[in-house]
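All remarks here apply to the structure that follows.
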Protein chains: 2
Amino acid sequence: MELSDRKKKILAAVVEEYIRTAEPVGSKAIAQSGCLHCSSATIRNELAELAALGFLEQPHTSAGRIPTPLGYRMYVNELMQKQKLSLEETEEINRRLSQKLQELDDTLSGVGRLASQLTDYPALAVTAQSAVTVRRFDLIYVDANTFIIVLTLSSSTARSKLVRLPVSVDQELVQRLSSLFNASFTGITEEVVTPELLHDTERAADDRLGLTAVISSFLLSELREANTPTAFITGENRLLSQPEFRDPDKAHRLMSYLAGGGHILPPGESMGAGSDEVRVLIGPENVAEELKDSSVVIASYDAGDHTRGLIGVVGPTRMDYSAVAAKLSFLAAGLSRRLGGGEAPPEGMHNKLIIKGDNGNGRE
Amino acid sequence: MELSDRKKKILAAVVEEYIRTAEPVGSKAIAQSGCLHCSSATIRNELAELAALGFLEQPHTSAGRIPTPLGYRMYVNELMQKQKLSLEETEEINRRLSQKLQELDDTLSGVGRLASQLTDYPALAVTAQSAVTVRRFDLIYVDANTFIIVLTLSSSTARSKLVRLPVSVDQELVQRLSSLFNASFTGITEEVVTPELLHDTERAADDRLGLTAVISSFLLSELREANTPTAFITGENRLLSQPEFRDPDKAHRLMSYLAGGGHILPPGESMGAGSDEVRVLIGPENVAEELKDSSVVIASYDAGDHTRGLIGVVGPTRMDYSAVAAKLSFLAAGLSRRLGGGEAPPEGMHNKLIIKGDNGNGRE
DNA sequence: ATTAGCACTCGGAAGTCGAGAGTGCCAGCA
DNA sequence: TGCTGGCACTCTCGACTTCCGAGTGCTAAT
């Protein structure tokens, strides 16, 4: 079923006006807005039909119309004109992206924060890695009581930990453990690390100090962490400036859900390859009960080494889809460019190339 | 000026009742609560006097009394009986603390999250490190295009980064750079790293690939990060369940302030040595305008190597000071025990001893 | 010094009312 | 046939009023 041209225009007008004002939109307002050349009565008839078709609804008789989720969907799919970011905006984003990646190096949470600032909605950032393995294993001997574990993961991330011991070790032991772990634990996924393997290693190391336990516990936890999709939420407070969340209970419910690491993505969906595609989930399209009257916009980016990351924002269904989609898409593209693959550096700067796991502290 | 014994009891009763119910407390309620053996009229007289002394106030004539900040202060200083945590509670905290430190190893944000969960208030965690220097510098050659930088900081933290290059390097160059940086950059604070020093190093390295720039930029940013007090806020959403933040604007103001990295501590105060002392800042005692009608409870802990960390919660002035103080104090003590100094392991487990900088991702 | 009693105050809930925005529908017009 | 102006109707929202009750302050009695 295809809508008439005028209906489309009217629907778009309603959606945009409602996004702007958060108030039900009346026929008169549309008529006056000018782009349509007909009277309010005509608009009223059209509105009634659009309502009958399920694109609009009235909070009560004799109030203006507001879009239904279906209406938003139609808007997002067909009516919305892709917003182009202004030159200043793109430059601003690029600048801050470079800064974020360069200075703090906390990709995940930092980028989430950036997305939240740009869109003025709460943002979430997720890594969706899988089957990360240890690629390389190093122990650095510091002094008799101290050594450093350096783990190089297949996701091109280095993780390190300084270990201080209550007992003395000699350089030779550290060396031996290092090659032992390199031999046994590289290239295998988390599931393969069985207690038996650990036990064997411990015996092979002839380790009377319990060092293997320390090392393998670090190894395991890092492996587990790298394989677990972790999500950051930032800018929850921005929810409160949305009129639909003036009800503290409602806001609280959603924020708690988000803070609890709510699962956003539809199950099974893992954001296929479609590089910088932006997905929009409107109201009831969300799986989580808590999100049924909110919307989520998600973009995916190439984090390098066959890993894709997710970045998105959460807001009321009355969301500025056009602007948000544009910004997220640009952000994701920028991230892909900076993180993705081992290709040529984007701007000739070496340190733009650096790939590293995040350590998400710091503030904005 | 000393209050009569009965006044103290009445004041304590008002504070505790108000903390419990968030409603103004009337004379009758106190009389009925039993512990005092006198009539409501007597209580009324006493209440009037307490109000005259500035410990209580009435929202309006003919409503019950609520404590003023001064009243809370009196309660915290003299009346509040130090709450002992139950055995279950201490065990619960210990268990989760171990788990946090062991598995995720994200001390800062993880502990903040724990504090927030325990107290049901938003929590903040701050490191207040100073004059961190690089203690040791390692480069690990991985392959022709890849090497790892490992920085050992004086705060007994190892930081690492995997660098991938668009050009080839040989093992010898990496080796040379490593010893060069070890010679020039260890033991010095951030301020001493001048552009000249960097330039000299670059020249000395005979580096035509720009590697020194990559390395020194990482070095600088890590040094800067380690020396900058960073704060995490977690559990902001819990603010919304407090009746005093039912007004979304008020909640929004405070949450934005917190999210913006609001400075909590009174200026000049850097939490002296007093190990596990808990500080309470009530309403107007806070320096920040945004906190003037909220309260903050902070505990400090020994993070090892002459570094102290801070952990605290934020809430309405009507805060359960007793419980919060007890929990934070216990938490701080536990942290000190686990992180502090290089002393004997708390429970004979090696991996409890491990000291490492946080990488604050993960969820609860 | 404490208590019982009483008049008084004031905020908040519930109820009332009018204004205004917006609709649906009808009749006239191109 | 489709558009438009007009008109009666509906329903929400804010302002205003009323009323109830909790809690006080004061006074007189114990």
Side-chain angles (χ1 to χ4, degrees), chain A residues 2-11 13-18 20-68 71 243-244 246-248, chain B residues 3-11 13-18 20-68 71 243-244 246-247:
Chain A
E2 187 61 24
L3 293 181
S4 77
D5 208 49
R6 189 169 67 187
K7 278 205 180 55
K8 282 185 182 175
K9 273 195 188 140
I10 292 177
L11 179 53
V14 172
V15 171
E16 277 159 17
E17 183 69 6
Y18 184 63
R20 211 170 53 79
T21 63
E23 305 265 303
V25 183
S27 56
K28 211 188 243 172
I30 299 179
Q32 282 173 351
S33 79
C35 17
L36 276 300
H37 299 289
C38 51
S39 78
S40 69
T42 314
I43 310 266
R44 271 205 293 283
N45 286 329
E46 297 282 45
L47 286 178
E49 286 181 52
L50 282 168
L53 291 170
F55 294 114
L56 297 176
E57 65 184 347
Q58 297 176 279
H60 52 264
T61 341
S62 127
R65 304 301 211 288
I66 65 177
T68 62
E244 22 272 287
R246 290 206 68 78
D247 174 13
Chain B
L3 293 180
S4 77
D5 209 49
R6 192 169 64 188
K7 278 204 180 56
K8 284 184 181 174
K9 272 192 186 143
I10 291 176
L11 179 53
V14 171
V15 172
E16 277 159 17
E17 184 69 7
Y18 184 64
R20 210 170 54 80
T21 62
E23 305 265 306
V25 184
S27 55
K28 211 188 244 171
I30 299 180
Q32 280 173 353
S33 80
C35 17
L36 276 300
H37 299 289
C38 50
S39 77
S40 70
T42 314
I43 310 264
R44 271 205 293 282
N45 288 328
E46 297 281 46
L47 286 179
E49 287 180 53
L50 283 168
L53 290 169
F55 294 113
L56 297 175
E57 66 184 346
Q58 297 176 277
H60 52 266
T61 341
S62 133
R65 303 302 210 290
I66 64 176
T68 61
E244 21 274 286
R246 290 204 69 76
D247 174 13

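Chain letters run A, B, ... following the sequence lines, proteins first and then strands; every chain starts at 1.
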S62(B) has its side chain closest, among dG23(D), dT4(D), dT3(C), to dG23(D)

From the list R65(B), K7(B), R6(B), salt bridge (charged side-chain N to carboxylate O under 4.0 Å, His left out) with E49(B) holds only for K7(B)

Practice problem: Quick one: label S27(B) by what it contacts on the DNA or RNA (base, sugar-phosphate, nothing), any heavy atom closer than 4.0 Å. | Solution: sugar-phosphate

Testing dC11(D), dT4(D), dC10(C) for proximity to the side chain of H60(A), the answer is dC11(D)

Considering only heavy side-chain atoms of L47(A), the closest of dG5(D), dT23(C), dT2(C) is dT23(C)

#### Entry: Check: L3(B) and L50(B) side chains under 4.5 Å, non-hydrogen atoms
yes

Using a cut-off of 4.0 Å on non-hydrogen atoms, how would the nucleic acid contact of A63(B) be classed: base, sugar-phosphate, or nothing? sugar-phosphate

N45(B) atom CG is separated from dT27(D) atom C1', nearest whole Å, by 11 Å

- request: Assess whether atom NZ of K28(B) is packed by more than 12 heavy atoms of other residues, nucleotides or ligands within 6.0 Å.
  value: no

Note: for A41(B) and G64(B) on DNA chain D, the residue whose nearest nucleotide lies more 5' is G64(B)

Whole-Å distance, E46(A) CD to dT23(C) P, equals 13 Å

Rounded to whole Å, the NZ-C1' distance (K7(A) to dG2(D)) equals 12 Å

To the nearest angstrom, the OH-P distance between Y18(A) and dG22(C) comes to 14 Å

Side-chain atoms of R44(B) come closest, of dT23(C), dT24(D), dT3(C), to dT24(D)

Rounded to whole Å, CD of Q58(B) lies from P of dT24(D) at a distance of 7 Å

Across the strands shown, which category fits T42(A) at heavy-atom distances under 4.0 angstrom: base, sugar-phosphate, nothing? base

When rounded to whole Å, the NZ to C1' distance for the pair K28(A) and dC7(D) reads 13 Å

Worksheet item: Are R65(B) and dA22(D) close enough that a side-chain N or O sits under 4.0 Å from OP1 or OP2?
Response: no

